[in-house]
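Okay, structure first, notes after.
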Amino acid sequence: MRVLLIEDEPYLGQAVQEQVAADGHAVDWVKRLDEGETALRAVDYGLVLLDLHLPDGRGLDLLKAMRRGGDPRPVIILTARDQISDRIDGLNAGADDYLVKPFDLEELSARVMAVSRRYAGNPNPLISFGEIKIDRAERRAWRGDKPVDLTKREWAIMDLLTQRATAVISKEQIEEALYAFGSEIESNTVEVHVSRLRKKLGRDAIQTLRGVGYRLGSA
Amino acid sequence: MTAPPGSEKASVKANGARAPWSIAQRLSSVLTLAIAALWLVAVIVAAAVVRHETNEVFDSALQETAQRLVPLVVDGFGEEDEEEAHELEARVIEENLEFAEHEEYLVYQVRDAEGHVLLRSHDAPATAFPAALRRGLDEADGWRFFTEHYVPSDLYVQVGEPLAHRREAVYETLAGLIAPLALLIPLAGFVIFRTVRRSLAPLLAVRAELDARGGANLSPIASDAMPTELAPIIEDVNRLLARLGKVLDSERAFAANSAHELRTPVAAALAQTQRLASELQGNGDLQGQRTRVDQIASALHRLGDLVEKLLQLARAEAGIALSRDPVDVMPALRLVVEELARRGGIGDRLDFDDGGWQTLPARIDIDAFAIALRNLIDNALHHGRKGGPVQVFVDVEGAIHVRNEGAVVPPERLARLTERFERAGAAATGAGLGLAIVEMILAQSGGTLTLHSPALGRADGFEAVLRLDLAEQAA
């Protein structure tokens, strides 16, 4: 999943970016509200982590603008505003969750996972198809009884494919998810990663729909 | 030293301020009494004047009558000698003339120099008047007389009038003046009371407005259409409100800013420390460093908690709980419980029962309420038996209970728990501010906090009961 972090405090932002990335998500980090708006227009993020107190405005205004514009992407507010009325305002404005600083990074990871599962329409972190089992919460995969190690980029692709079992994911969506890892995207980057995944999980684990995209194998 | 009940009250009354009094009542009663008194004085003065004037008029009438009678009476007696005159003694008017029956206010006698009655009007007594035979006014036996002397015949004409007659005239006049008083006093009282009440209406309106607004509403009172006596007071009050508002605003802004300024660096430090911890994880050579990093993280946690408590204290002292506008606290109640329940490791310990209350409208600031509730639940989780359940429930009266298991807190400790920097046990951690903050918030919002140990209906444990100033249940 690709995550947008809007946070102006450098040390906190860095740690949050590392933590969310360590969970296997690609994180774009911006420090201003206007940069956040631009990023939101350009990229199909799976989740936004939003600070409320930013140098060029209130994070809540961005959230309200998103919801007014019919943008349903999940938003978790990260804020020092701890009053219950702030929280109620945040949730009323359309936030999916609300974390008060200082927070534990593990808590953040758990909330990110919970919100992304809720949005993926698949709140069950355990997925199995064929002989493959995947625990999205713990980021572990098995082929039969044998654990399989996946890289961060491979997890990013699996996150997309497992959001809805029958969903077809386009090559562009996968490219976008991979882009945030900072790697150069060549014309065949997606194919390379998909073929590595097939090697680890089995030939039929991922189906190619020519000209359309990819989806989980039914077998 | 046991004082009888009520003695305290009595002494308070004796030493204390004067009993409250009402301007309207005082004005009405004083003005009504003053009007009645002045009226009475006026009546007394009028009585004296009327008496004097009546006497003058009546006396003048007596004198005039006597003088008018003299030529008539003298005609009848002529220059007759004394014998003849004696024969005529006691002659009465009606023997000569037939007059219509009438009551005589004035009667007269004609007497000779010896005092014999020669002629009298029919209502006059046959015996001589007790008045002296001397020209002028005289008064005797409740009568007033005027005597005129006809020198040529040495006859005296005496006109008499009972004093009762003129007294009656004076009394009737006085009665006419006093009688309206019976109607006038209540009427004046009523009119004065009405006028005073109406004049004081702006004052009552101001009072009602101040009553109606919550404590946090510091907007100025409208001072237009106020009487000139009241307007300056209202302006002063408005200035005071404005100043108070500014002070409270800046204190609240300070608390909010401090929240951001203090929490953000703690958050950054904690996050960086936890990243460091997870990077060190799995590296067996660096276990010593890992332990230290964990210690830093837990110190930062404590720092974060302390910052939170100090901010809560600052907010409570800035008077956030003074707002008394009714608000439904149920969403905040659920949110606080839900949020604490999600906190790692304690979620399954929290048990919430809303007691069937859909809404719980109370006169309290919602943030202040959440702070109070969070502190109580935090305390219960913290000081309750390790791993033991914490029950949060709303009873039939709408009071919020927070109950935990654990050893009984001795009464003398229980009484001191709401003091600042007082911890439930020497071993317990925490800033020791929680219950002091709760107490302060409830004092501002008109609620009460009672602490019970053992818990109500239990042998042990601890129970805090939060009674808010409940607004009527919305229909």
Side-chain angles (χ1 to χ4, degrees), chain A residues 5 7-24 27 29 31 49 51-55 58-60 76-92 95-115 139, chain B residues 252 255-279 281 297-298 300-309 311-312 315 320 323 327-329 331-336 338-339 342-345 347 365-374:
Chain A
L5 168 64
E7 166 66 64
D8 64 324
E9 212 287 326
Y11 302 121
L12 181 62
Q14 187 204 6
V16 168
Q17 186 182 32
E18 281 181 26
Q19 175 77 18
V20 178
D23 290 336
V27 184
W29 173 22
K31 295 178 176 137
L49 299 174
D51 182 21
L52 292 186
H53 190 97
L54 290 158
R58 287 163 20 105
L60 215 52
I76 297 178
I77 289 175
L78 309 178
T79 181
R81 305 183 65 99
D82 60 331
Q83 298 298 83
I84 204 83
S85 53
D86 297 327
R87 188 177 305 253
I88 291 172
D89 286 349
L91 295 177
N92 283 344
D96 296 83
D97 213 336
Y98 195 99
L99 263 178
V100 175
K101 299 172 187 176
F103 47 81
D104 280 324
L105 289 177
E106 284 178 15
E107 180 78 14
L108 174 70
S109 292
R111 306 269 182 115
V112 167
M113 180 56 69
V115 167
R139 299 213 155 257
Chain B
R252 280 174 205 159
N257 275 333
S258 315
H260 184 260
E261 299 301 330
L262 290 170
R263 282 166 178 280
T264 306
V266 174
L270 182 64
Q272 289 284 350
T273 309
Q274 288 179 340
R275 283 307 305 153
L276 185 57
S278 58
E279 279 166 19
Q281 197 162 27
S298 80
L300 286 170
H301 268 296
R302 280 206 300 280
L303 180 58
D305 289 346
L306 183 59
V307 164
E308 181 178 352
K309 288 284 183 290
L311 288 171
Q312 288 176 354
R315 287 193 170 105
I320 55 163
S323 163
V327 63
D328 178 17
V329 298
L333 176 53
R334 290 183 203 282
L335 212 54
V336 167
E338 181 194 300
E339 175 193 307
R342 282 212 312 207
R343 220 193 258 165
D365 176 81
I366 192 87
D367 290 328
F369 167 75
I371 289 173
L373 182 68
R374 190 174 301 153

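Keep in mind that this is a model prediction, so the values were computed, not measured. We name chains A, B, ... by the order of the sequence lines, and we start the count at 1 in each one. All values below were derived from every heavy atom in this structure, side-chain atoms included, with hydrogens, water molecules and symmetry-related copies excluded.
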Worksheet entry | Salt bridge flag under 4.0 Å for residues R315(B) and D365(B) | no
Item to complete: Kindly check if the number of other-residue, nucleotide or ligand heavy atoms within 6.0 Å of CZ (R81(A)) is above 12?
Response: no
Discussion item. Quick check on Q312(B) against chain A: is it the side chain, the backbone, both or neither that has a heavy atom closer than 4.5 Å?
Written reply: neither
Fill in: Residue part contacting chain A, namely of E261(B), when any heavy atom lies under 4.5 Å
neither
Worksheet item: Checking L91(A) against chain B: side chain, backbone, both or neither under 4.5 Å from a heavy atom?
Response: side chain
Worksheet entry | Residue I366(B) versus chain A: region with a heavy atom under 4.5 Å | both
Fill in: Selection from E106(A), Q19(A), E7(A) maximising heavy-atom pairs under 4.5 Å formed with chain B
Q19(A)
Worksheet entry | R342(B) and E107(A) ion-paired at < 4.0 Å | no
Worksheet entry | Any side-chain heavy-atom pair of Q83(A) and I371(B) under 4.5 Å | yes
Fill in: Side chain, backbone, both or neither of D8(A) within contact of chain B (heavy atoms, under 4.5 Å)
neither
Worksheet entry | Interface moiety of E18(A) toward chain B, non-hydrogen atoms closer than 4.5 Å | both
Worksheet item: Under a 4.5 Å heavy-atom cut-off, does chain A meet the side chain of L262(B), its backbone, both or neither?
Response: neither
Practice prompt. Could you check V16(A) against L49(A) for side chain to side chain contact (heavy atoms under 4.5 Å, CB included), going step by step and ending with a plain yes or no?
Written response: CA-CA 9 Å; V16(A) 168; L49(A) 299 174; 3.9 Å; yes
Worksheet item: So do L5(A) and L78(A) actually touch side chain to side chain, heavy atoms under 4.5 Å?
Response: yes
